[in-house]
Amino acid sequence: MDLNEYLGLFLDESVEHLQAINSSLLIFEQRLDDEAVIDQIFRSAHTLKGMAGTMGYDAIADLTHEMESALDLVRSKTQPATPELIDVLFVAAEQLETMVEDISQGGTGKLDVAATVVRLKKFIQADSETEVTEAETLIPVLKNFECDVYSESVVRQSMASGYHAYVITVELSADVILKAARVYMVFDRLQSLGDVILSNPTSDELEQEQFETSFDVLFVTMKSEQEIQEGIKSVSEVAHVTIQPFEAPIEAVAATETLLVPTTNETASVKTVELTEATEVQAPVAAKTIRVNLERIDRLMNLFEEFIIDRGRLERIAAEAGSSDLTETVERIKRGTNELQSLVLTLRMMPIEQVFNRFPRMVRSVSKDVGKNIKLHITGAETELDRTVIDEIGDPLVHLIRNAVDHGIESKADRILAGKPVEGNLSLRAYHSGNRVFIEIEDDGAGINHERVTQIALEKGLVTDEEAALLTPEEASMLLFAPGFSTAETVTDLSGRGVGLDVVKSKIESLGGEVFVETKRGAGTIFRISLPLTLSIISAMLVKLGQETYAIPLTAIIETTSLKQEAILQAHREKVFDFRGQLVPLISLNQVYGLPQTDAEAYSVVVVRSGEKLAGLIVSELIGQQEIVMKPLGSYLEGIRAISGATILGDGQVALIIDSNALLRK
């Protein structure tokens, strides 16, 4: 069997289980007696072990095996959880992530985890005598199976919930031809009656017909022996069935509310069944989601982008033809494609939760490194973003969160002197506003010292004395994003090398976003990131500059207006105009892009915003609003000022997309 075809599924499910382990470990650290959390970590580790074993990733399988062995002692209340166990479980989770990431990059997933395994074994062996005593109640009965701690626990818990446990021996006819097929049919009948815990030979060996004519099954069910007999004997070429009740001392049975029971193909999938005190198991709920290869979604998106371009061309043809029937048909197509566009874009949307999930453990680790006590609060993790943005936003957030831990939140001593709680608070939020997503990183630290920031900028030659004297607090805060800027007095693993926030700003702007800073001395700082929902299909205002057509994204536009010549004023040797009582600078796009300029009695102006800055963009003509497909310019056209991409119009012409954020940035 070629396992490569299952690699994608293995990686997807591994990431989900690792996220569950990480989030549960953080809760476990706070609530050591929370059985539901312990069970969640145990189940995820067990499932990950099975998948890794099937795929041949032994290091992952070995590490998760020791994790579940240690956790089983805690689950059974044989041994209490210790701070040392919590620490080693966090280390193990990080190593598992490293190995899975290596596999996703084409590696072998090998990592030296010997030291971590030794630490886990040390915890396990601390109560080895008790473990042997409890296992003795089951091992004689299970000696014919490759039984692990988890399977023993499943049997105990099932019986405590009122289920019957049986050891079933199935003998096939001596002249059976397709043994594997008959085994499959037997297991299919059993799965309709209960759940198979173990088999001897194993499911893989049975599938490959590596047995004579008989095999054993450990089975839990609510059905009677007679029903089981009838079910199995209904399969052709079954010669004989022996059913022996499994008995275990009742004091060895640990009652539990819920239980995860593996199917016969343990290493391929896990079937979740909720066992309660009720006499019947509820029917499984049909799956509401399916996994789709990302390449297929990208292909669908590319095809739809071409369709949007053709739709624009069809609208233009309809307008020129002047046919009411054609115009009406085009309008219906437009309404349908608008709905389809919303659906297609939704397919590319993913919750930002998968990015946020990495930060609780990171904050825990980093705060320990710097000797601070910091609690992370996450809200809005369900907020959705385009997959392209999701893939790119992780690293900038890492920089900002590390910056908040290292620089933003004070040391324990400083917080006590300031009359604050010793525990610092760091909040990570995400929310929608219009067609943009905002991400905020807020700390309750000391805030930004603008005087110190300005002094460092002067020392590094980032600003002149004259410029420094005119800086507003907001502008001083933005100096943090200047290349090479750092307030760290010493170089550490976290900071002091002058690399970080400038990279954050560049990355966010490359995604069509912006970053802002709000701060209050003694109260804390907020870094606010604004990002577009999607980077592919956007609404834009088409404008003329001379004979050329350009596009300005609607997300940046406040309004459009007509401005007479006499309304243009001069301030600080720049052209400005009065916009609702505020003097706003005017920018001639013809001048920016080196196009011929003409004087007129009135000008068409597009008022745009970038953060707190406003500007009026003078254009030759306003064409109208249109959905456009944003295409990158390519590496050979990188660096063109205030141009973020291009689009193909309905008439086949190429229109450049204006980056108003870059225009307003000086």
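Although no hydrogens or angles enter the test, the distance criterion places no donor-acceptor pair under 3.5 Å between the side chain of D34 and the main chain of I27. A donor-acceptor pair is defined here as one N or O able to donate and one able to accept, closer than 3.5 Å; no such pair exists between the side chain of Q105 and the backbone of D102. With H17 contributing its side chain and H46 its backbone, the two residues share no donor-acceptor pair below 3.5 Å. For D444 (side chain) and N425 (main-chain N/O), a donor-acceptor pair under 3.5 Å exists by modelled atom type. With hydrogens and angles disregarded, a donor-acceptor distance shorter than 3.5 Å links the side chain of K372 to the backbone of I409.
The minimum heavy-atom distance between H450 and S477, with the atom names listed, is NE2-OG, 2.9 Å. Here the closest non-hydrogen pair linking T64 and K49 is OG1-CB, 3.1 Å.
If you take CD on E13 and OG on S44, they are separated by 11.0 Å, rounding to the nearest 0.5 Å.
Cation-pi geometry between R75 and F42 is met: the NZ or CZ atom falls under 6.0 Å from the ring centre, inside 45° of the normal. Under a cutoff of 6.0 Å and an axis angle of 45°, R364 and F90 form a cation-pi pair.
Defined by atom type and a distance below 3.5 Å, a donor-acceptor pair is present between the side-chain atoms of E97 and N22. If you check the side chains of S69 and D72, you find no donor sitting under 3.5 Å from an acceptor. T525 and E442 share no side-chain donor-acceptor pair at under 3.5 Å.
Counting heavy atoms from C-beta outward, L48 and S14 have side chains that approach closer than 4.5 Å.
A salt bridge is absent between K375 and E423: the closest approach of a Lys/Arg side-chain nitrogen to an acidic carboxylate oxygen does not fall below 4.0 angstrom. Between D87 and K368 there is a salt bridge, since at least one side-chain N of the basic residue sits less than 4.0 Å from a carboxylate O of the acidic one.
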Between N403 and V504, is a side chain to side chain contact (heavy atoms under 4.5 Å, CB included) present by the stated rule, with each step listed? CA-CA 11 Å; N403 181 75; V504 169; over 6 Å; no
